[in-house]
Number of protein chains: 2
Amino acid sequence: MSTSESHPEERSPKKQRTEPTYTLIYWPSIPGRGEYVRLALEAAGASYIDLCNTSSGGVSILQSFLRGDDIGSNPPIFAPPALQVAGEGLNGEPLLIHQTANILRYLGGRLELDGENEQEALWTAQLAMTALDANNESHNTHHPIAVAKYYEEQKEEAKKVAFEFRTVRVPKFFSYFERVLKWNEAKGQGKYLVGKKLTYADTTLWQVMDGLHYAFPMEMAYRKQSGAFPLLFEKFYPGIENESGIKEYLASERRLPYSEGIWRHYLELDRRDKDDSKES
Amino acid sequence: MSTSESHPEERSPKKQRTEPTYTLIYWPSIPGRGEYVRLALEAAGASYIDLCNTSSGGVSILQSFLRGDDIGSNPPIFAPPALQVAGEGLNGEPLLIHQTANILRYLGGRLELDGENEQEALWTAQLAMTALDANNESHNTHHPIAVAKYYEEQKEEAKKVAFEFRTVRVPKFFSYFERVLKWNEAKGQGKYLVGKKLTYADTTLWQVMDGLHYAFPMEMAYRKQSGAFPLLFEKFYPGIENESGIKEYLASERRLPYSEGIWRHYLELDRRDKDDSKES
């Protein structure tokens, strides 16, 4: 069906909506996976409502969506984040979609955050998915046994998983993204993963790196100092946070602080010193 | 860029290619994540090469792709599966993409396996991604600490994770997909998740259920007998495996047996009896 997609801008150029088109539905008070959606919207300067953070309903609004209240002809949501888009569902009702990578690809096409042609859009999608895999593995470091149980109930296993994540998986992901930045260096100058300008793959990887800085500050300092990932740490990471839209957003109150979500800082899960060669 | 996508059929109607358009690059000898791609191709009757299973090179071919040999102007691959598509890359060279959900969405649009409009395509994508999340969690049951280590090195943790997966996560995923089948029952008759005909969300969820039958036969028998998921077990699962294309594929030698991949059968990780109320 890909031929039937069209930009809303093409259908109604310069039309001013009185309400925001996009509504983000996600847990209140934490960045979480909602942050990947926020960053794409903010980078494009799109108007949106962060529903559970800006209404008094908070969690109960989210829960009503998860129960399936008021979702119209859309299928049920499995888990947040979800995105509601005014007028884009069947018969002109609100569209409701979920899965972070699905939302990002949808927004990427509409907000011109997925490159200049079909190939770049496909590469943007796969790179964002790979960064989201790193996000999931990072969450798994503090909840390796059961997402429904407390960290304290799985602390010993968490130490093992965090050690593996920091010493094997992080270098694997970083080596890969360093290779991609190198591959695109002629066009992206080490600042963009795909093509000549910002895509949602960039904002997604940036958020993963930023979350890792919060969760594992010692490990990230070590990886930066190692010199093994010069494009990633010296050009990409500082470059993205100074992008138009992103810079203003990060300085605003809309950017939520890290706390007890995906990104958590537990001293015992981080690197202890330079010679972190065995499990603590 | 979504407006620039077009079906190859539209560009060259009824053109017969002398070589298959699609080449799947995945580990040889196991179904794995490659199976989601195979099922989509087989369901559509598309011609393809399963490269590492049909050439003498096997693993070494895959490794050369992962190193970045002969990938042309495409970015590096993080992990298999990858899909190569003749003539669809930049300047008419082969296109190379990775990430299972990305490959499926690409094929879904070209092979008419993602519904009848943009909304159904988005729902198909999110449902396939949710089924793939269940795939990943199932893999995690036998490798909860480190993918690079042997099962025997993480057997005790695996028992805990498998118990949580079977008793909490499987019912959560199944309840969700049962709700989706119910939501679409008027159109899909309990057999399809989205709309009136087969999508890659169906083939993906079917493969997850089939893999779970292999890995956790006791648990799956218990869930079926519970009667809590009638559409899923009585209509959907037997329906999809009798779909045209799928039925012939499953009876062919191209369908690889389960062994030591994502889906593994360890007696100690499965349910033991009806009263499996605590960790073994």
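Letters A, B, ... are given to chains in the order of the sequence lines, protein chains preceding strands, and every chain is numbered from 1.
Put simply, the side chain of B:Asn136 does not reach to within 4.5 Å of the side chain of A:Asn136, judged on heavy atoms. Using a 4.5 Å cut-off on side-chain heavy atoms (C-beta onward), B:Glu164 and A:Lys149 make contact. Using a 4.5 Å heavy-atom threshold, the side chains of B:Val168 and A:Val147 count as separate. Under the 4.5 Å side-chain criterion, counting only non-hydrogen atoms from C-beta, A:Lys160 is not in contact with B:Gln154. For the pair B:Ile77 and A:Gln126, the minimum side-chain heavy-atom distance is 4.5 Å or more.
B:Arg179 and A:Pro76 get closest at one heavy-atom pair: NH2-CB, 3.6 Å.
Judged as a ring-ring contact (aromatic ring centres under 6.0 Å, His included), and not counting sequence neighbours, the contacts of A:Phe216 are A:Phe165.
Annotation: maximal heavy-atom pairing with chain B below 4.5 Å, among A:Ala79, A:Gly89, A:Pro144, occurs at A:Gly89. Per-residue counts of heavy-atom pairs under 4.5 Å with chain B were compared for A:Leu96, A:Ile103, A:Leu90, A:Leu95; the largest is that of A:Leu90.
Contact annotation for A:Val161: both backbone and side-chain heavy atoms come within less than 4.5 Å of a heavy atom of chain B. Within the 4.5 angstrom heavy-atom criterion, atoms from both the backbone and the side chain of A:Ala101 approach chain B. The part of A:Leu66 that comes within reach of chain B is its backbone (N, CA, C, O), which places non-hydrogen atoms under 4.5 angstrom from that chain.
Using a 30° and 60° split on the angle between ring planes, A:His98 and B:Tyr176 fall in the perpendicular class, above 60°.
Proximity to chain B among residues 180-199 of chain A is limited to A:Val180, A:Trp183, judged by heavy-atom separations below 4.5 angstrom.
The distance from the CH2 atom of A:Trp123 to the CD1 atom of B:Ile97 is 10.5 Å, given to the nearest 0.5 Å. Rounded to the nearest 0.5 angstrom, B:Ile145 CD1 and A:Lys159 NZ are separated by 13.0 Å.
For the side-chain hydrogen bond (donor to acceptor under 3.5 Å, both in side chains) condition, the pairs that include at least one residue of residues 63-79 of chain A, sequence neighbours left out, are A:Arg67-A:Asp69, A:Ser73-A:Glu93. Residue pairs meeting the salt bridge (Lys or Arg N to Asp or Glu O under 4.0 Å) criterion with at least one partner in residues 127-147 of chain A, sequence neighbours excluded, are A:Glu137-A:Arg169.
With hydrogens and angles ignored, the 3.5 Å screen pairs a side-chain donor or acceptor of A:Asn102 with a backbone N or O of B:Leu122.
You'll find the ring centres of B:Phe173 and A:Phe78 inside the 6.0 Å limit.
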